[in-house]
Amino acid sequence: MQQPLDASQIPPGCPAHSSHGNVQLHGPAFGADPDGHYAHLRTFGPSAPVDIAPDVQVELITSYDAALYVLQNPQSFVRDSRRWNALNEGRVPPDSPALPMMSYRPNALFSDGAAHARLRQAVTDSLATVNELQLVRQTQQSADYLISQFSSEPRGQAEVMADYAQPLPLLVFSELFGCPPEIGDRVIAGISGIFEGTPGADEVLGGALTELIALKRRRPAADLTTRLMEHSAQLTDEEVLHQLVTLLSGGTAPLTAVIGTSSALYLDEEWQDGLPVEDAVSQSLWNYAPIANYAAHYPTHDVELSGRVVRANDPVLISFAAANTDPKLTEHRQQLSAKAHLAFGAGPHACPAKDPAFVIAVAAVEALLNRLPDVEMRVPFKTLAWAPSPWSRSLVTVPIRFSPRTVPSMATRPSQPQAPQQPGTAEQRSGAQAPRPASAAAPQQQQQKGGMFSRFLAWTRGE
């Protein structure tokens, strides 16, 4: 059995280790060089001991084959985190950032066996009713609205992550859920607040979804919420709420990362002209898995992973980022299916929304390119900074420039395309001016009332 390294054995220049020898997979050092950390972890074998947060120890799978073994072996590795030894023994700090990511919730993600099958079937069947063409249209409408908010600004600059990639999935999901304007505003405020650590955001989101479910009980409609409620699994209102939260939290943040990274890849000067947007999205999923380290599994018995023994009920996490870039795949990755990556997981808990997510990501990047045909990056892709989170791989900013133009709403758009406006001045194109802060709203946004979803719906009606 391989033991954790003694501090005296750690070579200079290696990733930081905790006092008990585990690699620290959190903090600025990891954020600055995640690939270097994964390379170091591979020296342990297919898995390695890491601290995913201060004083939170897990076994991290970095091998593609080992990841598949765990993901596809539900008899030996279960997802119910109520089994977590350290948590039950009081060894996890109560304010640990790992708790929101790993604590049990009554949804398909943390369920096993028949309970998981029942919840997952309701989600899968409901998602299967989403029409792909309608989903593309909803994505394009959301994209057009967001682009309209910054495309006409004289400086011809924007920040893709804050202005586009972050809000776009929220608008699409609010439409899919069938939210009326006011409830949609609160859903977006709640889930955004949860990601930002805003106090009370859980209550805002829970209250909004509770009202939405009550509304759909009174007035069913052709939306995802109603389909979940009417499914033969007969979910309770509380179960419906938790599945909606799972779709929001598991769908919006990863989509933000994929849209941002794929846009940056496609616009980078090193990208090969002529390759379709789908290739940029696939490469993003392979090389920059949006959910980097997650999917905690708990062995039902002591298991040996290539010489390392993991105790029953000690958490085993999958590094989708490391598994996808496993050097052992290099020789035959060309022969693998473009969808053979693990960005969406595998096995019984594979993401049920992987196909809609890919459609949304491709449509979002294409809309950005089509509405701003001369858009370009203001800095090279390799200089962009990554968020220092062990859970996700997301760019901090993607600064772009373009010729200012007006994007009309669907209600006011003419049947024939308008001629593009004249390109901006040389100073605008040079990118010499400072980028607009992410928190700054366009004048049009400041004048409109209501939250983001209300403004979006008003814009689509030409109001």
Side-chain angles (χ1 to χ4, degrees), residues 52-53 56 58 71 74 77-88 92-124 126-127 169-170 173 177 186-187 190-213 224-225 228-229 231 233-255 290-291 293-298 300 313-318 320 344-345 347-353 389-392:
I52 197 71
V56 179
V58 304
L71 292 167
F77 297 93
V78 297
R79 297 296 299 272
D80 189 337
S81 60
R82 290 174 294 186
R83 308 170 67 105
W84 187 1
N85 284 330
L87 182 63
N88 293 332
V92 177
D95 59 348
S96 172
L99 286 176
M101 305 300 295
M102 297 175 62
S103 294
Y104 174 80
R105 290 181 178 83
N107 59 33
L109 194 62
F110 291 91
S111 302
D112 301 290
H116 168 257
R118 171 177 167 268
L119 294 173
R120 181 181 174 86
Q121 195 64 52
V123 173
T124 302
S126 299
L127 285 169
L170 298 174
F173 272 79
F177 286 2
R186 289 160 55 207
V187 166
I191 192 66
S192 299
I194 288 172
F195 290 140
E196 296 164 3
T198 304
D202 278 326
E203 290 77 9
V204 172
L205 178 62
L209 291 178
T210 297
E211 287 187 30
L212 177 65
I213 292 167
L224 202 55
T225 306
L228 273 172
M229 296 169 65
H231 191 270
Q234 297 184 328
L235 272 59
T236 66
D237 287 358
E238 182 182 10
E239 288 175 328
V240 172
L241 185 149
H242 284 292
Q243 308 326 303
L244 292 177
V245 171
T246 302
L247 286 168
L248 274 173
S249 57
T252 55
L255 263 175
I291 301 177
N293 306 286
Y294 193 54
H297 290 70
Y298 300 85
T300 56
N313 299 325
D314 278 353
V316 176
L317 266 64
I318 307 298
F320 300 107
F344 293 124
H349 281 87
C351 176
S389 167
W391 311 103
S392 62

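As a basis for the values below, the full set of heavy atoms in this structure was taken, side chains included, without hydrogen atoms, waters or symmetry mates. Since the model is a prediction, treat every value here as computed from it, not as a measurement.
- In this structure, Y298 and W84 have tilted ring planes: the angle between them lies in the 30° to 60° band.
- Within the 3.5 Å criterion, the main-chain N or O of P74 finds no donor-acceptor partner in the side chain of R79.
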request  = Show your reasoning for whether side-chain contact (heavy atoms from CB on, under 4.5 Å) applies to F177 and L248.
outcome  = CA-CA 10 Å; F177 286 2; L248 274 173; 3.6 Å; yes
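- Put simply, the side chain of N88 gets close to the backbone of R82: a donor and an acceptor are under 3.5 Å apart.
- The two residues L99 and P94 make their nearest non-hydrogen contact at CD1-O, 3.3 Å.
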query = Yes or no on side-chain contact (heavy atoms from CB on, under 4.5 Å) for H297 and L71, after CA distance, side-chain angles and deciding distance?
reply = CA-CA 8 Å; H297 290 70; L71 292 167; 3.7 Å; yes
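- Of all the heavy atoms in R120 and P352, the pair that sits closest is NH1-CD, 3.7 Å.
- Summarising the geometry of V56 relative to P93, their closest heavy-atom pair is CG2-CD, 4.3 Å, with the distance given to 0.1 Å.
- Proximity of V245 to N107: side-chain heavy atoms (C-beta onward) are nowhere separated by under 4.5 Å.
- Atom NE2 of residue H242 and atom OG of residue S249 lie 11.5 Å apart, to the nearest 0.5 angstrom.
- A donor-acceptor distance shorter than 3.5 angstrom exists from the side chain of S81 to the backbone of Y104, with no hydrogens or angles considered.
- Taking each heavy atom of A296 and M102 in turn, the nearest pair found is CB-CE, 4.1 Å.
- The distance from atom CG of L205 to atom CG of L212, rounded to the nearest 0.5 Å, is 10.5 Å.
- When all heavy atoms of P97 and A53 are compared, the pair lying nearest together is CG-CB, 4.0 Å.
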inquiry  = Would V187 and L244 count as a side-chain contact (heavy atoms from CB on, under 4.5 Å) here? Give the steps.
reply    = CA-CA 11 Å; V187 166; L244 292 177; over 6 Å; no
request  = Just do the side-chain contact (heavy atoms from CB on, under 4.5 Å) check on V58 and N293 with the steps written out, would you?
outcome  = CA-CA 11 Å; V58 304; N293 306 286; over 6 Å; no
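- Scanning for ring pair (Phe, Tyr, Trp, His ring centres under 6.0 Å) contacts around F344 gives H341, with sequence neighbours left out.
- Between the side chain of H349 and the main chain of F110, no donor-acceptor pair closer than 3.5 Å is present.
- The salt bridge (Lys or Arg N to Asp or Glu O under 4.0 Å) contacts involving residues 233-244 comprise R118-E239, R217-D237, where partners must be two or more places apart or lie in separate chains.
- Contact check for L317 versus W391: side-chain heavy atoms found under the 4.5 Å cut-off.
- For the residue pair L170 and I191, the shortest heavy atom distance occurs at CD2-CG2, 3.4 Å.
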